[in-house]
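See below for the structure under consideration.
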Amino acid sequence: MTDILEPPAKTTRGPTRRFEQRKTAIVASAVEVLNRKGVRGMTLGEVAASLNLVPTGVIYYFKNKEELAAACFLKGVEGFSQFLVAGEAGTDVRDRLTRFFDAYLDYHRRMALAEVEPLTTFNDVRALNSPPVNDAYVAMFRRARGLLDGPETASLTRLELNARAHMLLSEIFWAPVWLHRHDPEDYGRVTQRLLSITADGLAAPGAVWDPRPLPGLIPEPPEGGEISSELFLRAATELINEEGYLGASVEKISARLNVTKGAFYHHNETKDELVEACFERTIEVMRRAIRQAEAVTTDGLQTLATVATALVEYQMSGNAPLLRTSALTSAPESIQPKLVAKFDRISDRFASLISDGIADGSIRPIDTNIGAQVITAAINAAAELRHWAAAVTPGQAVNLYVRPLFEGLLSPPVR
């Protein structure tokens, strides 16, 4: 791309076509870096190098990386709007969801074939905390919520619609994590199966909703103000969820616990060791939830509902958050493969439990692998439900958020 090695001379007139073309090319290159490394990990130098530019060649168009990241997210919102437009042409809620899913996953099919530019992922959108981006994202959320607003869902309150819209977007945003396991020519088939699970749920008709409590899933830290390894894990997890791996510095983790950096290194040899322990802790909590649920439930649906309920409640409690798996994108590349493999094993366990439910009749016949990813996505995104359903307690989230996961976004509300 030698035609953009040098910035054009400044003029008193508005931006020229060449200026806009170069700016567009920089944003397109930055999207790839942002998707891979997050806001904190993206550097102007890396973006510039991908275009054979020196960093000042990017600064001419974007004064800092935050401004460039904002442009990437706004480009993502603009691109995502085309799928919402397709959905809005539907005649009812199911038709709107069908058109929306078709448009979104067909674009990903074309992405897999390198026919179109990559979409911006929104994993790190809150870490940027840009008012224009936040406003655009909220407007996008409201349009997505509008897809669910129709005669079929007329009895839902605004709070219930918000929770279901968050579920819808969470499932859509999670799809790129697992779509690569399918051939592009099979994406149409995948679309139908994902839509079926999202709209109509996993539970078989007439199945009883009866999740069991799992007390003691996460041990409480010691009392008396003693700083423990568990408290460091919780503080680091909260910061990684909020600001990504690079944003969760030793200074910020220590400040959150009101301790010195010396205290940090007394409990942890390195930051990377603590981050890896955060991932391992989350994986172990999910494993523990599955084991405990299997011991107190009688069918596949009840087991999965128990696991999802317990994990979502803990995600929202604020006392013991689970690490969002989207944080893997900004984790050190040296530890990513083994952690991804462990998270994949959790999804495989969910798929196995779905198979059990299909066999015992509590879960309707669905694609077990896609169903497992739907459950994983919902648990992963529960930490952000509070942004769209303010003041909702962990207990209320069960009917607002977890139950529609199993009974479908088109299911009637529970009063």
Give a yes or no on whether the backbone of Phe173 and the side-chain of Tyr104 come within a donor-acceptor separation of less than 3.5 Å.
-> no
Asn35 and Thr121: side-chain donor and acceptor closer than 3.5 Å?
-> yes
Ring-ring centroid check Phe100 Phe80, cutoff 6.0 Å = yes
Would you say Gln82's side chain and Gly79's backbone share a donor-acceptor pair under 3.5 angstrom?
-> yes
Would you say Ser29's side chain and Ala25's backbone share a donor-acceptor pair under 3.5 angstrom?
-> no
Backbone N/O of Ala203 and side chain of Glu407: donor-acceptor pair under 3.5 Å | no
Distance-only, no hydrogens or angles: does the Lys261 side chain make a donor-acceptor pair with backbone N or O of Ser254 under 3.5 Å?
-> no
Flag, side chain of Asp186 to backbone of His182, donor-acceptor distance under 3.5 Å | no
Short N-O contact, Glu152 and Arg96, less than 4.0 angstrom = no
Before accepting this row, confirm whether a basic side-chain N of the pair Asp102/Arg99 lies closer than 4.0 Å to the acidic partner's carboxylate O.
-> no
Looking just at side-chain N and O atoms, do Thr306 and Thr297 make a donor-acceptor pair shorter than 3.5 Å?
-> no
Parallel, tilted or perpendicular: which describes the rings of His166 and Trp388, with under 30° parallel and over 60° perpendicular?
-> tilted
